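The shown structure was predicted, so the numbers you read here are calculated from the model rather than taken from an experiment.
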Amino acid sequence: MSLVEVQESAKIIVDIGNKQVTGSSMAGVESGGYMDPKDILENWRLRTPNKWDNISVWYDLLQWRNEMYNAVVDAFKDFGTINAQLHHLGYRDKAWNVNKLAHIARKHGLYDVCVTVLEKMYGHSAMEVQEAFVKITEQAKAYLEMRGELNSGLNLINSTNLEYFPVKNKAEIFCLRGDFLLKLNDCENANLAYSNAISLFKHFPKGWISWGSYCDMVYKETHNESWLEYAVSCFLQGIKYGVSNSRSHLARVLYLLSFDTANKPVGRPFDKYLDQIPHWIWISWVPQLLLSLQRAEAHHCKLVLMKVATMYPQSLYYWLRTYLLERRDVADKSELGRSLSMAQPRMQQNAPEAGSTPLAGNSRGQNHVVGSDSHQFHQGSQSGAVSGPNDAGNSHGHEAERSTPMETNVRAGHDHPMLQSSNVNDGSENTLRANFGLLASTASAFNDAKDIMETLRGKHFNLASELEVLLTEIGSRFVTLPEERLLAVVNALLHRSYKYPTATKSEVPQSLKKELSGVCKACFSADAVSKHIDFVREYKQEFERDFDPESTATFPATLSELTGRLMHWKNILQSNLEDRFPAVLKLEEESRVLSEFHVVDVEVPGQYFTDQEVAPDHTVKLDRVGADIPIFRRHGSSFRRLTLIGSDGSQRHFIVQTSLTPNARSDERILQLFRLMNRMFDKHKESRRRHLSIHTPIIIPVWSQVRMVEDDLTYRTFLEVYEFSCDRHNQEADLPITCFNEQLNQAISGNFSPETVVGLRLQAYHEIIKTLVNDNIFSQYMYKTLVSGNHLWAFKKQFAVQLALSSFMSYMLQIGGRSPNKILFAKSTGKIFQSDFHPTYDANGTIEFNEPVPFRLTRNMQSFFSHFGVEGLIVSSMCAAAQAVVSPEQSQHLWHQLAMFFRDELLTWSWRRPLGMPTAPVAPGGSMNPLDFKHKVTINVENVVGRIKNIAPQYYSEEEDNSMEPPQSVQRGVTELVEAALTPRNLCLMDPTWHPWF
């Protein structure tokens, strides 16, 4: 309780006492002498603790105020006939005070406290109608959650006299009655109660949502499509009349729309209420709506996107434009695909020839629907021809270990169903039908997207023209140089050579030879020879001499020799780049168009990611692009950093990434999921009081192979800290890796039992941490680079919370590969961004994870946080995050959000499955069979939710608590994960490039 509260309370008591002693009560009433106490009581309603503050804080404050209200009631108890308003002053505020405390207790899960406060704290028989309604609803909602009190709550509702309440309150009481009846399994009367609630007041969003949830439940049990139609209608009307929580059901509606049947039980109500729903609520679902253009629900999603394009063009343009460019090639092949499908019997007899000729051809660049120049487009696309995984799909320069350099070149599209290969080796009718179905569906999607783009350009022609100029210049002028791309490839090959389970003294594996051969051809292709003559002249002969397997006389004899050559080339290329090229480019030299570009309507990107209505007239406009364009290099990759200056003087920094992998769109989807989960964290007291929020930088697609990622000038990677320490001590950064591999040579070449191999790995691990890598490297770096002790304390706390959230998401979605070069942290804020952060899938479409540690929490992190930081901040934050997303209020929303996430993930997974993988049954549209597809989504969602529940603290009744001997910690699930992450036996089993010793 603050000093201000005490002073105001004293003022009330003194003022009332003085008026009573002087006998001037009547005069005070007539002259308004009691206005100060009245104002103070009004201010008290506005000045309350945060909803997520501890209940003890609320109780101390409101109990004190309750005593003040008693004093006011006693002072004015005889004023009933003189001034009724003043007479009721204390009663009204005391009732509000009691109801508020009960509400907070119920929100904190203290249902017994809620009921006790309502029954005993007020102590008067009279109460205003509105406060009486609040008391009844709070008590009923508490009974609804208490074990064995359902009948008590229903009796309370049934005994309530509704004559005094307005229609809206009557509707809410009927809705509560339906909730009780539903929990008592009286479904028929529950349905009737929900119906009565809406009949009384149809603008009641919570009533619509409750009724929709009931209909959805009945549909899941009966599979009657009529109930499905009722559920969708209720959800959409709940969203229409609007509360923030009702918008969470939009994920359920879109998921149901994805599996709509021929009778259109979802499509009909969707089209019926589409015009009545605010258009801005669709903005956060634009990626899902675009992806749905290739599915059966394309017609409905096209209508939504048309409306978004008209009202909020800049929330859609970047994604729509990239979607069109990614699918343009397939659209050119649609006619050919249809003719081939008619010639299917002939193709089955001669499958390889039929597949290789027409389907592997390149687009001729027709259909310029977005106004981009064809030459510039292809120039930008080909700029990544020699790019390696080190800057492919790389948010800030990490090694994308899940694709080879050649895969990066082959897979030009991301989320579009281009055929992976032109060879149809098995001649399968199922495979052919799937391929031609995909061609047809993608061509149809391209036409729908083109119609949406034409609508957008028709309504906002000047804006579209400005955006096209901006994106064309960014996509073509700020790509990496061939030397930079070659360095990225060499760095990726070096790390890949470290990972091969082959003795360092043995011959280079055949698969690596094949990969090196492909790299030589891609880096010095005919296109590269014609465009980069000096580059080819300088590097081609020596590179092919050192790495081309066809040069048998000079090709490395052993894997260690190959590693040495790659390291040599890496050093040469790094030195050449630093010596020959400037660290900062000038905009006027790189892009005269952008330096002279006069922006009128373009907004600074990234302003539509909030769950709130954004007025286009109140957004920050783009004023200009910064004159200086720094080039920064990290772990073998190079990036250009653009500064976008807003009309309000603000600056946003974006790095331009090129040569993206097929998983690039997964990065955008995972960030969208993080934003949705941040809203769940905000609604739960334990996560909100810890300020849990996952860092979600903005990603803006430019072309299919180019994107802009929001950057922080103070970003550093975990690996950079280690490399900085190695530079200080004049030690080779990769020395621990080579030492580890050399000590395992005998295990690889000999015939040892698995337990013996683990012992050798553990011995090598302990030797490295004893002689090469200390556990205080990260701590020393932060001590020396942060400006003050206060800054260090704040950084350590925020960094621990952010690492806890990243670890929670890694475990929840089973995301591995958390190498130190993929973990970025901002020294100024402590926020963490993990690049290449998305799950991988096995042949059955289920999340694949085979690492011995659940997430990255290594020695240097543990030393930096200390035992107290790990056990205090990290463990408690992970528990709070898990509890927030599986709480009763959010568990269904989490299920629906995850279902949409996995729907999109598995769609793109099915389109780019590797060769040789069995093809699932296909639907007429070329996609997976809907039942099989839905089953895969459900399995993944259930697995994720199950993992969260395993570690989330549970609420136990007194009987359950007493039955456990000895009592177990509610944090035991997270504690076990932390122990697994820190155990040396698990760490030594990790890949050496994961740097388990750091």
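- With salt bridges taken as basic N to acidic carboxylate O contacts below 4.0 Å, one links D667 and R707.
- When all heavy atoms of M809 and I815 are compared, the pair lying nearest together is O-CD1, 4.5 Å.
- Between H896 and H249, the ring planes lie tilted relative to each other; the angle falls in the 30° to 60° range.
- Judged purely by distance below 3.5 Å, without hydrogens or angles, the side chains of Q237 and Y273 pair a donor atom with an acceptor atom.
- Side chains of E297 and S292: a donor on one and an acceptor on the other come within 3.5 Å.
- Classified by interplanar angle (parallel below 30°, tilted 30° to 60°, perpendicular above 60°), the ring pair Y608/Y312 is perpendicular.
- Salt-bridge formation is detected for the pair R665/E326: a Lys NZ or Arg NE/NH1/NH2 atom is positioned less than 4.0 Å from an Asp or Glu carboxylate oxygen.
- Salt bridge annotation for K302-D448: present, with a cationic side-chain nitrogen under 4.0 angstrom from a carboxylate oxygen.
- For K621, the side chain to side chain donor-acceptor pair (under 3.5 Å) test picks out no residue, with sequence neighbours left out.
- Under the 3.5 Å distance criterion, with hydrogens and angles disregarded, a donor-acceptor pair is assigned to the side chains of S650 and D648.
- Between F833 and H695, the ring-plane angle classifies as perpendicular under the 30° and 60° cut-offs.
- Below 30°, between 30° and 60°, or above 60°: for W319 and F609 the angle between ring planes is above 60°, a perpendicular geometry.
- In the model, N462 has no side-chain atom that pairs as donor or acceptor with a side-chain atom of H460 under 3.5 Å.
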